[in-house]
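The next block holds one structure in the form of structure tokens; read it before the comments.
Note that ligands are numbered from 1 as they come in the structure, with each ligand's atoms numbered from 1 the same way. What you see below is based on every heavy atom in this structure, not just the backbone, and it leaves out hydrogens, waters and symmetry mates. All of these numbers come straight from a predicted model, not from anything done at the bench.
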Amino acid sequence: MSSVLDYEEISQDFDWSASEKELGYVEGGTINIGWYCSDRLCDLGLRKKPALIWEGHQGDERTYTFDDLRLRSNGIARYLRGLGLEPGERVCLFMDRIPELYIAFLAILKMGGIVQPLYSAFGEESLWTRLDDAGTAAILTQRKHVGKVRRIRDRLPGLRYVIVVDADESKLREAEIAFSLADTPPVEEFEVYPATAETPSVLHYTSGTTGQPKGAQHVHYSLISQYLTAKWVLDLRPDDIYWCNADPGWVTGTSYGIIGPWSNGITQAVLDAGFSARRWYGFIEKHRVTVWYSAPTAIRLLMREGKRVVEEYDLLSLRHLCSVGEPLNAEAVVWSWQALGLPFHDTYWQTETGCIVITNFPGMPVKPGSMGKPFPGIQATVLDTRTGEPINEPGKVGVIALKAPWPSIIRTYWRNPAGYERKFKDGWYMTDDRASIDEDGYYWFVGRDDDVINTGGHLVGPFEIESALLEHPAVAEAAAVGKPDPVNMEVVKAFVTLGPGYSDGEDLEIEIMNFIRKKLSALAMPQEIEFVDSLPRTRSGKIVRRVLRAQEWGEPVGDLSTLVEDEREGK
Ligand code: WT7
């Protein structure tokens, strides 16, 4: 695969101002991502170019040009402004991957609002936690999800508007409004909110070890990183048909499922359907997808279906493949090389980083199993957890740290500046992931340095699961950890002690599982519940998930000296 760029060469005197220049951004000037992803491309002569080729789960298809994006996002933006929504207010998108989601994303930014995308599979409690924390003013949703909003609305006094984009008006309740994109006239002129670099743009909720999920606060200036990393790492070229598997409820689905490709004027194809090897290969074949951004769990699912299925399709349009979200095992890279003729290029980053920070750059030799090297302009290292000093010895494991700032790093956690400050040490942003660096400068992921569970590339917070478990009447105490899984890398396992009068058994296990699935999501649902008499705790009473996790992974438990004696024995 020949590449136009040479990693070593461009790393030498890299400066983010190269990206500013390409985008025509001038320091101190306006920079509105919504405008950059629609109007600007029209100004550059791409009015008629398809921006979105959309396919629904039933096979229905729609295409929107960049001009459609411009006119329709203007339409939604004017509508939202007309409701009285103010710049800086949080507007939530709670929808499947339908065109309205993508266009409203741009519209909210254009009217100066902060977009809060939430995964539509979230149950009512996960939804409530995030809307309550953000003080969300309006939510755009679909008929099929509005029931969840109804059940929590009386606990959300700040939520002024519930907007249903596919409503059957006769079925709407009081204080709910119908909005139809198809019936909204295109709007030629809209006064785009004059956002500047530090104006808040997107609020993504992400899970940590302690407390409820945190709102990672991005700003419009993130575009500078997202534009260039999309162009260079995903190797986007003008004629590409780009496909990103991620849902915009997660950061990959916004940074590289909306902002990166569209700011580059690239056509993207979106499939609003779950996993199916045949469906996916058929989608690539039909739309002549050239660049594909996927994830390890999906690749492992494809591997499971075998090479035969691959051979039934013409996938020769594919030129470049990337992966994100969880460790990309060497086997998956080798498999794709053999089955698809191309290796998946791993990319590593986080909600907080806003853009890809470590990657197998196109054209750079891929070492299967390694995440690659820092993106030019990102200064990375691994720090010794004891001394806090960078480790200079190849192969020695430390915590991945990134020298702050770069354009797309989050500016704070919503209403939690102290939590944000804690992420930094001596100017280094701490990722809480562990890795080693080899003699060639390639990074090798080892694991997370905290208790967050990564299931199929989605982070779930143990605290959120434990809090929900405690709401079940039978549960007295709970701990949630990741246990190994061949496809999803890890899945949630819960350890539970029962309250007086309850006895364990399969019925109760299933009941609790469903309780969590409904409240939170299928991702957060424990795949196994182990009923125990007690949980390992520190002297101060804190549950030590590390012990339970080590047990699941067959790893040494480590220092147990701070645990309470009898409880340790109880395990
Ligand atoms: C966490 C971030 C990055 C956008 C999607 C997830 C894990 C991410 C990799 C990778 C191994 C990875 C890390 C990271 N992770 N990419 N290439 N190899 N692990 O964003 O939800 O904030 O999750 O996902 O543990 O910290 P996120």
>> Going by the closest heavy atom to atom 23 (O) of ligand 1, which one wins out of Val357, Leu459, Thr431?
In response: Leu459
>> Check for me whether the distance between the ring centres of Phe344 and Trp335 falls short of 6.0 Å.
In response: no
>> Closer than 4.0 Å to some heavy atom of Pro327 - which atoms of ligand 1 meet that?
In response: 11 (C), 18 (N), 19 (N)
> Looking only at protein heavy atoms, which one is nearest to atom 15 (N) of ligand 1, and how far off is it?
Replying inline: Gly325 O, 3.3 Å
>> Residue-level breakdown please: for Thr351 versus ligand 1, do any non-hydrogen atoms fall below 4.0 Å on the side chain, on the backbone, on both, or on neither?
In response: both
> Using heavy atoms and a threshold below 4.0 Å, how should the contact between Asn454 and ligand 1 be classified: side chain, backbone, both, or neither?
Replying inline: side chain
> In terms of residue, atom name and distance, what is the protein heavy atom nearest to atom 13 (C) of ligand 1?
Replying inline: Asp433 OD2, 3.2 Å
> Checking ring pair (Phe, Tyr, Trp, His ring centres under 6.0 Å) for the pair Tyr25/Tyr221: CA distance, chi angles, key distance, verdict?
Replying inline: CA-CA 10 Å; Tyr25 167 75; Tyr221 191 63; 5.7 Å; yes
> Which atoms of ligand 1 sit under 4.0 Å from any heavy atom of Phe445?
Replying inline: 11 (C), 19 (N), 25 (O)
> Of Arg546, Lys483, Lys493, which meets salt bridge (charged side-chain N to carboxylate O under 4.0 Å, His left out) against Glu552?
Replying inline: Lys493
> Which residue, Trp16, Tyr443, Trp349, forms the ring-ring contact (aromatic ring centres under 6.0 Å, His included) with Phe375?
Replying inline: Trp16
>> I want to check something: taking the side chain as every heavy atom from C-beta on, are Leu301 and Trp280 in contact at a cut-off of under 4.5 Å?
In response: no
> Who's the nearest protein heavy-atom neighbour of atom 1 (C) of ligand 1, and how far?
Replying inline: Arg448 NH1, 3.6 Å
>> Side chain, backbone, both or neither: which applies to Trp349 and ligand 1 if a contact is any heavy-atom pair less than 4.0 Å apart?
In response: both
> Counting heavy atoms only, which part of Asp432 comes closer than 4.0 Å to ligand 1: side chain, backbone, both or neither?
Replying inline: neither
> So is Thr252 polar-close to ligand 1, meaning N/O to N/O under 3.5 Å?
Replying inline: no
>> My understanding is that only residues two or more places apart in sequence, or in another chain, count here; which of them pass salt bridge (Lys or Arg N to Asp or Glu O under 4.0 Å) with Arg517?
In response: none
> Taking the side chain from Trp262 and the backbone from Ala51, do they hold a donor-acceptor pair closer than 3.5 Å?
Replying inline: yes
> Can you find an N or O of Thr347 that's nearer than 3.5 Å to an N or O of ligand 1?
Replying inline: yes
> Among Thr210, Asp451, Val481, Leu548, which residue meets the side chain to side chain contact (heavy atoms under 4.5 Å, CB included) test with Pro462?
Replying inline: Asp451
> Testing Leu328, Asn360, Thr431 for side chain to side chain contact (heavy atoms under 4.5 Å, CB included) with Tyr348, which one passes?
Replying inline: Thr431
>> Does ligand 1 come near enough to Met371 that some N or O of the ligand is less than 3.5 Å from an N or O of the residue?
In response: no
> Where's the contact between Glu326 and ligand 1, heavy-atom distance under 4.0 Å: side chain, backbone, both or neither?
Replying inline: backbone
